[in-house]
Amino acid sequence: MHTPLPRIRRLTRRELPADTAALARFLIGATLVHDLPDGRLSGRIVETEAYPPGDASGHAFPGLTRRNRSLFLTRGHAYVYLGYGLHYLLNVASEYNGIGAGVLLRALEPLEGIAAMGQRRGTLRLRDLARGPGRLAQAMGVDLSDDGIDLTRDRSLWLGAPVRTAGPIGCSVRIGITKEVDRPLRFFERENPFVSGSRHLNGQR
DNA sequence: CGGCTGATGATCT
DNA sequence: GATCATCAGCCGG
């Protein structure tokens with residue numbers, strides 16, 4: 001019923017910048033794919049946040065625990081946790097094995113499986129499918145069972161190369177944190193309607 | 001549009 | 001027992 005997208009090329013680990021902020025910026029425009037028995041869900045990554053090593057707002061800051069262990073894996077692994085008892089949040093671990101850091105995926109522009117995403121989200125509004133990290137995980141069918149998987153190797157949930165070149169990339173402070181609140185570590189595709197956050201934040205370069 | 005608030009559970013101290 | 005990298009719904013301007 002729709003024109004299929006060109007085959008999406010998988011990203012390899014060596015393509016992923018090790019540096020957390022560089023990875024967050026690199027992932028803008030890349031694709032997140034979830035291949036499920038019922039079909040494919042995919043979207044363009046349009047908003048990310050970096051939580052670099054030693055950042056007091058990062059989940060790895062207190063040191064290695066059972067919950068945050070995936071953040072200490074090498075770059076390209078998934079760190080999924082339950083926030084506020086209600087929403088799953090998906091991160092891509094960054095840096096090297098043993099270093100706790102990652103990139104939070106905050107919003108997607110839906111590409112494939114839009115009807116299925118709508119069912120998972122319980123809404124028909126395209127713009128509300130994956131705008132915000134909790135919505136993103138719900139739309140993409142990501143939950144705790146995906147914690148720790150290798151997004152450069154997994155058959156089901158993986159990262160793909162961009163299907164379309166990203167437009168100008170903006171940068172702002174991060175959303176929803178109470179420590180290190182002034183660091184400009186949030187990245188987004190400017191003027192993309194699927195980006196979350198206030199108009200004020202999204203006007204930043 | 002901006003601001004507030006309750007819901008809800010895994011994890012850690 | 002406290003703490004959340006959130007969301008939806010509701011309110012007022």
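The chains referred to below are lettered A, B, ... by the order of the sequence lines, with proteins before strands, and numbering in each begins at 1.
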**Q** Check side chain to side chain donor-acceptor pair (under 3.5 Å) between A:Asp154 and all other residues, then give those that pass, not counting sequence neighbours.
**A** none
**Q** Within the 4.0 Å limit for protein heavy atoms, which parts of nucleotides 6-13 of chain B are touched? Write it as a string from 5' to 3', B for base, S for sugar-phosphate only, - for none.
**A** -BBBSSS-
**Q** To the nearest 0.5 Å, tell me how far A:Thr123 OG1 sits from A:Asp128 CG.
**A** 5.0 Å
**Q** CD of A:Glu47 versus C1' of C:dA5: gap in Å, rounded?
**A** 11 Å
**Q** With nearest nucleotides of DNA chain C determined for A:Lys179 and A:Arg135 from heavy-atom distances, which residue corresponds to the more 5′ nucleotide?
**A** A:Lys179
**Q** On the nucleotide C:dA5, are OP1 or OP2 found under 4.0 Å from the side-chain N or O atoms that A:Arg186 carries?
**A** no
**Q** Could you spell out the base pairing of DNA chain C in dot-bracket, with Watson-Crick or G-U pairs whose two distances are under 3.5 Å, [ ] crossing and | to another strand?
**A** ||||.|||||||.
**Q** Rounded to the nearest 0.5 Å, what separation is found between the CG atom of A:Leu159 and the CG atom of A:Leu105?
**A** 7.0 Å
**Q** Would you mind reading off the distance between A:Glu180 atom CD and C:dC4 atom P, rounded to a whole angstrom?
**A** 14 Å
**Q** Taking A:Glu109 first and then A:Arg131, would you say they form a salt bridge - that is, a charged N and a carboxylate O separated by under 4.0 Å?
**A** no
**Q** Strictly distance-based, threshold 3.5 Å: is any side-chain N or O of A:Glu180 a donor or acceptor partner for the main-chain N or O of A:Asp55?
**A** no
**Q** Could you check which of B:dC1, C:dA8, C:dT6 has an atom nearest any side-chain atom of A:Pro133?
**A** C:dT6
**Q** Verify the ring-centre separation between A:Tyr81 and A:His59: is it less than 6.0 angstrom?
**A** yes
**Q** For A:Arg174 and C:dA5, what is the distance between atoms CZ and P respectively, to the nearest whole Å?
**A** 11 Å
**Q** Given the ring of A:Phe187, does A:Arg106 sit roughly above its face, with NZ or CZ under 6.0 Å from the centre of the six-membered ring and within 45° of the axis?
**A** no
**Q** Using 4.0 Å as the upper bound for N to carboxylate O, is an ion pair formed by A:Glu189 and A:Arg44?
**A** yes
**Q** Pick one: which of A:Arg69, A:Arg13, A:Arg153 meets side-chain contact (heavy atoms from CB on, under 4.5 Å) with A:His77?
**A** A:Arg13
**Q** In whole angstroms, how far is the P atom of C:dC7 from the CG atom of A:Leu129?
**A** 13 Å
**Q** Check this one for me: any side-chain N or O of A:Arg131 less than 4.0 Å away from OP1 or OP2 of C:dT6?
**A** no
**Q** Are any of A:Arg106's side-chain N or O atoms less than 4.0 Å away from OP1 or OP2 of C:dT6?
**A** yes
**Q** Measure CZ/A:Phe61 against P/C:dC4 and give the value in whole Å, please.
**A** 13 Å
